[in-house]
Amino acid sequence: MIELPKTYSPAEVEDRWYKDWEEKKLFAARNNPAKKPFCIVIPPPNVTGILHMGHALNNTIQDILIRYHRMKGEEALWMPGTDHAGIATQNVVEKSIAKQGLKRQDLGREKFLERVWEWKEQYGSTIIRQLKKLGSSCDWDRTRFTMDEAYSDAVKEVFVRLYEKGLIYQGSYIINWCPRCQTALADEEAPHRELDGHLYYLKYPCKDDPEKFVVVATTRPETMLGDTAVAVNPKDSRYRKLIGKTLVLPLVNREIPIIADAVVDKKFGTGAVKVTPAHDPNDYAMGKKHGLEFVNVMRPDASMNENAGDYKEMDRFEAREVIIEDLKEQGLLEKIEPHRLSAGHCYRCHTIIEPYLSKQWFVNMKPLAKPAIRAVKDGHIKFHPARWKKVYLNWMENIQDWCISRQIWWGHRIPVYYCRACLSQGPSLSESINRQGKGTVPERVAHGVIVSKVKPEKCPVCGSNDIYQDEDVLDTWFSSWLWPFATFGWPFGSGTDATTPGHKFSEKDLRYFYPTSTLVTAQEIIFFWVARMIMAGFEFMGDIPFRDVYIHGTVRDIEGKKMSKSLGNVIDPLEIINEYGTDALRVSIIMITSQGQDVFLSKERFEQGRNFANKIWNAARFVMLNLDPGVIKTDLCEYFKKEDLDITNRWILSRFYSTLKNLNKDLDGFKFNEAANLLYHFFWHEFCDWYLEMIKQDIASPRNQVVMYKILEKFLRALHPFMPFITEEIWQKLHPGSESIMTKPWPHVQEQIIEKRTEQKMEMFFEVVTGIRNMRAEVEIPPHLEIRAIIFCSTRANADMIRPLSAHIKKLCKVSDLDLQLEYRHQKSTLTTLVHGLHLVIPLEGVVDIENQVRKLDEKIKKADQDITAKERTLANSDFLARAPAEIVEKEQTKLADLRQLLTKLKAVRHAFD
RNA sequence: GGGCUCAUAGCUCAGUUGGUUAGAGCGUUGCGUUGACAUCGCAAAGGUCUGAGGUUCAAGUCCUCAUGGGCCCACCA
């Protein structure tokens, strides 16, 4: 007999075992040619990250996969790390120094970066600690950070290689500019959101005849200060004769031409569009095509600049108001209409993006996309669920060049150096603009530009040592996209890893684990990360980075809103862990997350997991209290072969292996919720509710001992990936001094033990038990009163099936005397139920106080009768029908129908007493 | 404008290639507590699977259309 404490205390157990696993290095994986590799690279959380439910879901799934494959005997590596998250982290540190009244400019670049590193040292491991609380079995000795020295080396290497290949170029284009973060953003970082805005109709006077106007419609009137043309469709008869004429731009009095361009939609607005080449991507294209002037009217913070004349220094939205007022005064505002428009928003601070002309670095993506498209089309990389394949391909096939330079300080500084002397002889910015553009080969600014991993001593062209580095840093994703191989130390030039003491990179590891196996991530990040990793994988490793991509849903609150701090609807995983335990958190969130669907959470939903943990604990406790430890050594398959097992034990064994078989299928098919539900249902309702209840009366018998132990032991192993802590704790109580359960092999499906026929027979037996219980409840037989029962079996086969189970029927139904007969004979004062051709009969005489029961029934029948009559009367009343609200009438009708049904049932029971 | 997704019990959702009587958790109702577990057990009530067509021996499941939510992408000023 083994004792287990009466209650399970997750907090103490979890911390103890996690520490033990870590100390014993059980999460470590190395290249081991004797084993099949299985590798997951973690989606690196931001260093600024605080664990939220999205992480909990994401990492639980990964841990389940890793532990499952590890137990299956594969060399399972879960590669951990964090992302420096350029803009996000910079914002956090800026906020923190703002409390001291400081801006980053006050500190200067170097001092500010020191502050960021300090911040990182202090808080950067928070998220890692929290991942450990989740039970994540990452190989922590390999933990990477995207700003590690070795990792940074990979980033520079990649930049240089792409530049030398002609895939990186610099140029001036309209990019997404966040005026708050004051940096360029990639298209993906500026998602469009709908806004309620206005369409302003502005009148631009003709130069020849100031009494005549061309009316243009715009949603951003402040940009009119930068207009350098008005465009119309060449086929638009309203304007045809005006093409080539000149207008005078109000407020600034600049003369601007009317040009013709087929891009203009005749049906939108007035059919005439103002052209602002420096503030709109379409206008930019037109500007180049028609050789227009580029007038930038804003500063980087989106306040107006000197080109804006009187509006200088106003914020863009303030300028909008004032300009509209001024135009109105001058009679140049025709009208304002409400208009729904969509505008880009900064994905970090949600400020409305300003399309802004500036000089940035870009990656030409089309050549990189090609093999990445093929790989998915050919099925070398599979998305789960498969529908994401379409989303991926659609994006990849329309891929745009990637703006990778950011005007912030925290990040990998662009490895580009300029020779001041050579540069001064290069083309000016405006010249360069006019020579570039979509559809043409982008200019590679080669003159005075040196791209190199290390700072050159002197200019290779003119020998000058007046050399300075580009001020910008790279997009965070320009480092993240290398994650599946840069984390292994690629490109192995320097050979050492200065950032993680004691850890040495090995190219062998990369060769062994790459391509990795499965990537587990959320839908929001497919373009940012997944697609780009696939491209980088091909470009730098010549192969796919992973085979399967599992996309899980987004965690939302119970109303379907995204969880966010600002909405205050966050459920903190750590709070759930404190209250219910990590295992409860993990299994709950897995059970309610169906493949790829968003997850709607409320705190109560974690009770299910907590209750399950409690159930497991108590069942294990029960088994152990009654267990003879001698049976532990029994080999189940041998035992099964030799012993003449009874149907109950055959059934539970069969059910276990059926469940296991389906479990394997679900895990291999990324159906984690179904997998967890299988285990839950098997354990609670089959093992506990039926099996343990049945064997209780003969628990000491060898066959019950062996089977209950074996089922528990194998179940614990199968459950371990989902609930690692409680399974370990019970495992260790069962096998004191044993190695961790996580090192034990995954149970093997024993096909010969699965007996469908046995399962069916038991199903029938359950229905018999339920049938008798129902009858007892029906006539209110006191729970503890033992009764007589007769089962008319109708066939000998049925009788033979039921006979060995009669003891169970007696026990489970409180039957003292069970009579099995073949032919059915009607008996007086009995209650009968038909189940699969079996007549279940319980005599009522002597069991129920028949007189009393009949009286009660008659009373109920009488009451129901009266109620029905009353309702019928109400419903026959034409005044009621005419005056009562329809819903009330409907309610009354429903009530009547219910009453009639009740009456029928009562009469049937009453009939049994005749 | 293009695409995806959802609609099943009071609530939140499962339901893998079509196949007997559509499931779970929570909630509701009744009964039950002298040792595994009240974080429990036994039982009950509750569904014309959003609507309309179609394919089929057979449709919650496949097809078409409609209605109503959610999401993504796209340069409509």
Side-chain angles (χ1 to χ4, degrees), chain A residues 4 6-8 174 187-188 191-192 199-200 216-221 223 230-231 263-265 267-276 279-286 339 341-342 344 355 385 387-388 390-391 394-395 398 400 523-524 526-527 553-554 556 558-562 580 584 588 591-602 604-605 607-626 662 665-666 669 671 673-674 677 680-681 684-685 688-689 692-693 696 769-770 773-778 780-784 812-814 898 901-902:
Chain A
L4 220 53
K6 201 166 162 61
T7 51
Y8 173 60
I174 300 279
D187 295 342
E188 298 71 39
H192 282 67
L199 198 53
Y200 303 87
V216 296
T218 178
T219 54
R220 296 189 298 150
T223 62
V230 166
V263 180
V264 179
D265 181 356
K267 291 191 285 288
F268 190 90
T270 59
V273 57
K274 61 193 265 317
V275 182
T276 323
H279 288 276
D280 182 280
N282 291 321
D283 294 2
Y284 174 82
M286 266 196 272
H339 183 68
L341 67 141
S342 78
R387 73 181 127 96
W388 296 110
K390 242 191 215 171
V391 176
N394 180 52
W395 187 77
N398 297 294
Q400 301 293 314
Q523 158 255 312
E524 293 95 32
I526 293 177
F527 304 143
T554 305
R556 297 170 184 282
I558 205 73
E559 283 164 15
K561 294 200 194 81
K562 248 188 202 178
Y580 299 140
S588 301
M591 285 179 76
I592 59 179
T593 307
S594 67
Q595 206 187 23
Q597 287 306 121
D598 285 355
V599 191
F600 295 78
L601 273 187
S602 68
E604 296 76 55
R605 309 206 66 165
E607 286 173 11
Q608 188 181 8
R610 175 201 57 182
N611 294 354
F612 187 38
N614 179 258
K615 190 70 182 178
I616 294 163
W617 186 256
N618 277 291
R621 188 159 171 268
F622 173 78
V623 169
M624 287 190 217
L625 279 171
N626 294 289
N662 289 328
K665 216 167 72 187
D666 285 344
K671 292 175 181 167
N673 66 319
E674 289 179 41
N677 274 303
Y680 181 90
H681 181 263
W684 199 310
H685 298 300
C688 292
D689 287 351
L692 289 183
E693 289 305 320
K696 258 180 188 172
V769 171
T770 307
R773 284 170 172 171
N774 283 348
M775 288 191 289
R776 292 185 63 122
E778 194 98 52
E780 297 174 14
I781 296 173
H784 292 290
L812 298 173
C813 303
K814 289 264 193 283
D898 289 349
Q901 219 177 344
L902 176 70

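Hydrogens, waters and symmetry mates play no part in the numbers below; they use all other heavy atoms, side chains included. Numbers restart at 1 for each chain; the letters A, B, ... are given by sequence-line order, proteins then strands.
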[X] has an atom [atom1]; how far is it from atom [atom2] of [N], in whole Å?
X        : N     : atom1 : atom2 : answer
A:Leu341 : B:A77 : CG    : P     : 6 Å
A:Glu693 : B:C37 : CD    : P     : 12 Å
A:Arg220 : B:C75 : CZ    : P     : 14 Å
A:Lys814 : B:G41 : NZ    : P     : 16 Å
A:Asn626 : B:G35 : CG    : C1'   : 11 Å
A:Asp666 : B:U16 : CG    : P     : 11 Å
A:Lys665 : B:U17 : NZ    : P     : 11 Å
A:Asp283 : B:C75 : CG    : C1'   : 9 Å

Taking any heavy-atom pair under 4.0 Å as a contact, classify A:Thr276: base, sugar-phosphate, or nothing.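 Contact class for A:Thr276: none.
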Which part of the nucleic acid, if any, lies within reach of A:Val264 when heavy atoms closer than 4.0 Å are counted: base, sugar-phosphate only, or nothing?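 Contact class for A:Val264: base.
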Rounded [atom1] spacing from [N] to [M] in Å:
N     : M     : atom1 : value
B:C42 : B:A36 : P     : 15 Å
B:A14 : B:C57 : P     : 32 Å
B:U29 : B:G19 : P     : 36 Å
B:U67 : B:U28 : C1'   : 32 Å
B:C26 : B:A9  : C1'   : 12 Å
B:U21 : B:C40 : P     : 33 Å
B:C37 : B:G46 : C1'   : 28 Å
B:G70 : B:C63 : P     : 24 Å

Extract from the structure each pairing of a protein N or O with an N or O of nucleotides 23-33 of chain B at less than 3.5 Å, listing the distance.
| unit_1 | atom_1 | unit_2 | atom_2 | d |
| --- | --- | --- | --- | --- |
| B:G25 | OP1 | A:His685 | NE2 | 3.4 |

Protein-nucleic acid N or O pairs under 3.5 Å, nucleotides 1-6 of chain B:
| unit_1 | atom_1 | unit_2 | atom_2 | d |
| --- | --- | --- | --- | --- |
| B:C4 | OP1 | A:Lys390 | NZ | 2.9 |

What residues, two or more places apart in sequence or in another chain, satisfy ring pair (Phe, Tyr, Trp, His ring centres under 6.0 Å) together with A:Tyr8?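 For A:Tyr8 the ring pair (Phe, Tyr, Trp, His ring centres under 6.0 Å) partners, ignoring immediate neighbours, are A:Trp617.
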Check whether any side-chain nitrogen or oxygen of [X] sits under 4.0 Å from OP1 or OP2 of [N], and answer yes or no.
X        : N     : value
A:Lys6   : B:C37 : yes
A:Thr554 : B:C71 : no
A:His192 : B:C75 : no

Hey, is the main chain of A:Arg610 close enough, under 3.5 Å, to the side chain of A:Asn614 for a donor-acceptor pair?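 No, the answer is negative, given that no donor and acceptor are paired below the 3.5 Å cut-off.
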Between the side chain of A:Arg776 and the main-chain N/O of A:Pro782, is any donor-acceptor distance below 3.5 Å?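 Flag set: sc A:Arg776 to bb A:Pro782 pair under 3.5 Å.
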Of the candidate nucleotides [options], which contains the atom at the shortest distance from the side chain of [X]?
X        : options             : value
A:Phe527 : B:G41, B:C71, B:C73 : B:C73
A:Asp689 : B:G41, B:A36, B:A77 : B:G41
A:Ala619 : B:U39, B:A43, B:A36 : B:A36
A:Arg773 : B:C40, B:A77, B:A43 : B:A43
A:Glu674 : B:A44, B:A14, B:A77 : B:A14
A:Asp265 : B:C72, B:A77, B:C37 : B:A77
A:Cys688 : B:C76, B:C40, B:A36 : B:A36
A:Arg610 : B:C37, B:U39, B:A44 : B:U39

Out of curiosity, A:Ile781 CD1 to A:Lys814 NZ, how far, rounded to the nearest 0.5 Å?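 That separation rounds to 13.0 Å.
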Output the distance between atom OG1 (A:Thr593) and atom CE (A:Met591), rounded to the nearest 0.5 Å.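 It comes to 10.5 Å.
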Closest approach of A:Thr270 to A:Ala217 (non-hydrogen atoms, all atoms of both residues):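 Nearest heavy atoms, A:Thr270 then A:Ala217: OG1-N, 4.2 Å.
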Side chains of [X] and [Y]: does their closest heavy-atom pair fall under 4.5 Å?
X        : Y        : result
A:Val216 : A:Val273 : no
A:Lys671 : A:Lys665 : no
A:Arg773 : A:Leu812 : yes

One pair to check against side-chain contact (heavy atoms from CB on, under 4.5 Å): A:Thr223 and A:Lys274. What are the steps and the verdict? CA-CA 9 Å; A:Thr223 62; A:Lys274 61 193 265 317; 2.7 Å; yes
Please determine whether any donor N or O and acceptor N or O are separated by less than 3.5 Å between the side chain of A:Gln400 and the base of B:A74.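 Looking at the base of B:A74, it does not pair with any donor or acceptor on the side chain of A:Gln400 (distance under 3.5 Å).
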Contacts of type salt bridge (Lys or Arg N to Asp or Glu O under 4.0 Å), residue A:Arg220, not counting sequence neighbours: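 Partners of A:Arg220 by the salt bridge (Lys or Arg N to Asp or Glu O under 4.0 Å) criterion, ordered by chain and then number, come out as A:Asp280, A:Glu354.
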Go through the structure and list residues passing salt bridge (Lys or Arg N to Asp or Glu O under 4.0 Å) with A:Glu674, not counting sequence neighbours.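 Partners of A:Glu674 under the salt bridge (Lys or Arg N to Asp or Glu O under 4.0 Å) test: none.
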Stems where RNA chain B pairs, listed by first number, each of three or more Watson-Crick or G-U pairs under 3.5 Å: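 Listed by first number, the stems are B:1-7 with B:67-73, B:10-13 with B:23-26, B:28-32 with B:40-44, B:50-54 with B:62-66.
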Is it the case that A:His681 and A:Asn677 place a side-chain donor and acceptor less than 3.5 Å from each other?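 Short answer, no.
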Closest-nucleotide mapping onto RNA chain B: is A:Trp617 or A:Asp280 further toward the 5' terminus? I mean the 5' end.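 Final value for this comparison: A:Trp617.
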Going by the angle between their ring planes, with limits at 30° and 60°, are A:Phe612 and A:Tyr680 parallel, tilted or perpendicular?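 It falls in the tilted class, 30° to 60°.
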